[in-house]
Amino acid sequence: ALALQSMPLNDHAVAALLLMAAVGQVANPAKLSTAVLRITGSPVEAAVQRAGFAPLIDAMLAHAQNQIHLLDNSGAYADVDLTCRAIDRFHRLARAVNGYLELARASRWSTVMAALTKAASESVEPRLRDVAGSVNMALRRGRDGADRLDSDQILVALNGVYVLAAVRDARDSLGVNAIFDQAWNQVGQGLEIHIQRGLDILRQNPGDRIASARLDAAIKMAELRFNAEYAETLRK
């Protein structure tokens, strides 16, 4: 709160520049929102504007918008860590605005926030639709008698599960609840089936390297979909 009050809020252009830079360096933007509410004494949008903190909210929305192009990062060799960080960052910024301020209906901020949520959701939805199919394709055995492990397909599936886990933690800021629930359940059911099959195969043939590698990949995905304890039990 002291740092924010030291900003030259009367000079809108300079304040906008400084706050745009500041938001980019704050790991948890919600702290800025709580500080503003402490200063203004009200979460109402108009009160925040009267206190001169409109450039701060504009900066949060701008940084949220800047995450959206990173969500289209796809393919076997896409930087999935970058995508997951963008999902998390978008969520933190959106929550700092939506979760703490009372935005007026149809105001500029609420309109922008709705548009950003829609754009982010549209970027994430295709990844959620594809993840269950990618997991099943990567973990199924070859049907022509020549079993092989497709490392590229394993990577695509694993990346998809990483994104799925990131969306789970950010779903409050994305309008993807229905498609997320479907993908989450399908991936969980698929992993349980493939893991059980893999265990059965290894019991019958402990030296099957392909089955062992496939099971290892499935357990990595299970760690993301379920939890680390479940994955460790499977490894043992």
Side-chain angles (χ1 to χ4, degrees), residues 67-91 119-171 174 176-236:
Q67 306 308 309
I68 293 175
H69 76 282
L70 302 175
L71 305 181
D72 291 326
N73 187 17
S74 60
Y77 300 102
D79 189 343
V80 70
D81 289 336
L82 180 64
T83 299
C84 292
R85 288 198 302 271
I87 292 171
D88 176 69
R89 185 63 176 169
F90 180 87
H91 171 58
S121 300
E122 289 175 348
S123 295
V124 168
E125 280 180 2
R127 307 287 286 271
L128 298 181
R129 288 196 188 97
D130 294 343
V131 63
S134 296
V135 168
N136 288 328
M137 190 176 298
L139 299 179
R140 69 186 181 189
R141 296 190 71 194
R143 298 179 180 178
D144 55 0
D147 194 17
R148 57 184 291 272
L149 192 70
D150 188 332
S151 57
D152 286 350
Q153 189 60 52
I154 290 287
L155 185 58
V156 168
L158 188 58
N159 285 348
V161 179
Y162 270 113
V163 171
L164 183 68
V167 171
R168 172 196 57 194
D169 296 332
R171 60 184 303 183
L174 298 169
V176 294
N177 283 339
I179 190 171
F180 169 81
D181 288 339
Q182 181 181 16
W184 186 255
N185 292 331
Q186 288 177 342
V187 169
Q189 293 167 3
L191 285 173
E192 288 178 338
I193 292 171
H194 288 293
I195 287 170
Q196 188 57 54
R197 287 177 181 171
L199 291 172
D200 292 341
I201 292 169
L202 283 182
R203 288 191 187 99
Q204 297 171 7
N205 184 7
D208 190 331
R209 294 182 180 179
I210 299 295
S212 179
R214 185 182 291 114
L215 184 59
D216 283 341
I219 292 174
K220 288 180 183 177
M221 297 177 201
E223 185 170 357
L224 297 168
R225 168 55 180 83
F226 298 104
N227 53 61
E229 291 77 12
Y230 177 59
E232 186 59 28
T233 299
L234 291 173
R235 289 190 180 99
K236 289 179 180 178

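Here, residue 1 is the first one in the sequence, and each next residue gets the next number.
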*Asks:* Write down the atom of M221, the atom of A157, and the distance for their closest heavy-atom approach.
*Replies:* CE-CB, 3.6 Å

*Asks:* How far does OG of S121 sit from CD1 of I68, to the nearest 0.5 angstrom?
*Replies:* 9.0 Å

*Asks:* Find the distance between CD1 (I219) and OH (Y230) and round it off to the nearest 0.5 Å.
*Replies:* 8.5 Å

*Asks:* Can you name the closest pair of heavy atoms from S123 and D72 and give their distance?
*Replies:* OG-OD1, 3.2 Å

*Asks:* About how many Å separate CG of L128 and CD1 of I179, when rounded to the nearest 0.5 Å?
*Replies:*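 Between I179 CD1 and L128 CG, I get 5.5 Å after rounding to 0.5 Å.
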
*Asks:* Is R235 salt-bridged to E223, going by a charged N under 4.0 Å from an acidic O?
*Replies:* yes

*Asks:* Between N159 and V131, does a side-chain contact (heavy atoms from CB on, under 4.5 Å) hold up when you go through it step by step?
*Replies:* CA-CA 9 Å; N159 285 348; V131 63; over 6 Å; no

*Asks:* Checking side-chain polar atoms at under 3.5 Å, does D200 have a donor or acceptor matched by the opposite partner on Q196?
*Replies:* yes

*Asks:* Compare every heavy atom of Q186 with every heavy atom of A132, then report the nearest pair and how far apart it is.
*Replies:*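 Nearest heavy atoms, A132 then Q186: CB-OE1, 3.6 Å.
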
*Asks:* Do you know which of I201, L202, I195 makes side-chain contact (heavy atoms from CB on, under 4.5 Å) with L199?
*Replies:* I195

*Asks:* Taking E229's backbone N and O only, do any of them form a donor-acceptor pair with T233's side chain (distance below 3.5 Å, no angle check)?
*Replies:* yes

*Asks:* What distance separates I193 CD1 from N136 CG, expressed to the nearest 0.5 Å?
*Replies:*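 So the gap between those two atoms works out to 7.5 Å.
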
*Asks:* So does D181 get a backbone contact from the side chain of N185, meaning a donor-acceptor N/O pair under 3.5 Å?
*Replies:*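 Answer holds: yes.
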
*Asks:* Does a side-chain heavy-atom distance below 4.5 Å link R127 with T83?
*Replies:*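 A side-chain contact exists here, since the closest heavy-atom pair is under 4.5 Å.
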
*Asks:* Should we count OH of Y162 as having more than 12 external heavy atoms under 6.0 Å?
*Replies:*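 Open: at most 12 neighbouring heavy atoms sit under 6.0 Å from OH of Y162.
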
*Asks:* How many angstroms lie between atom CG of L234 and atom NZ of K220, to the nearest 0.5 angstrom?
*Replies:* 14.0 Å

*Asks:* Is the shortest side-chain heavy-atom distance between R89 and L70 below 4.5 Å?
*Replies:*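 Sidechains of L70 and R89: no contact.
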
*Asks:* Only one of D150, L149, L155 clears side-chain contact (heavy atoms from CB on, under 4.5 Å) with Q153; which?
*Replies:* D150

*Asks:* Quick check against the 3.5 Å criterion: does R225 have a side-chain atom that pairs as donor or acceptor with the backbone of W184?
*Replies:* yes

*Asks:* Quick check on R197: does its CZ atom have over 12 non-hydrogen neighbours (other residues, nucleotides or ligands) under 6.0 Å away?
*Replies:* no

*Asks:* Quick one: does I87's side chain get under 4.5 Å of D169's, heavy atoms only?
*Replies:*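 SC-SC contact between I87 and D169 ruled out.
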
*Asks:* Any chance you could lay out the side-chain contact (heavy atoms from CB on, under 4.5 Å) test for L191 and F226, step after step, and finish with the verdict?
*Replies:* CA-CA 10 Å; L191 285 173; F226 298 104; 4.3 Å; yes

*Asks:* Going from CG on L164 to CG on D130, what distance comes out if it is rounded to the nearest 0.5 angstrom?
*Replies:*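 That separation rounds to 12.0 Å.
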
*Asks:* Testing the basics here: between A138 and R214, what is the closest heavy-atom pair and its distance to 0.1 Å?
*Replies:* O-NE, 4.3 Å

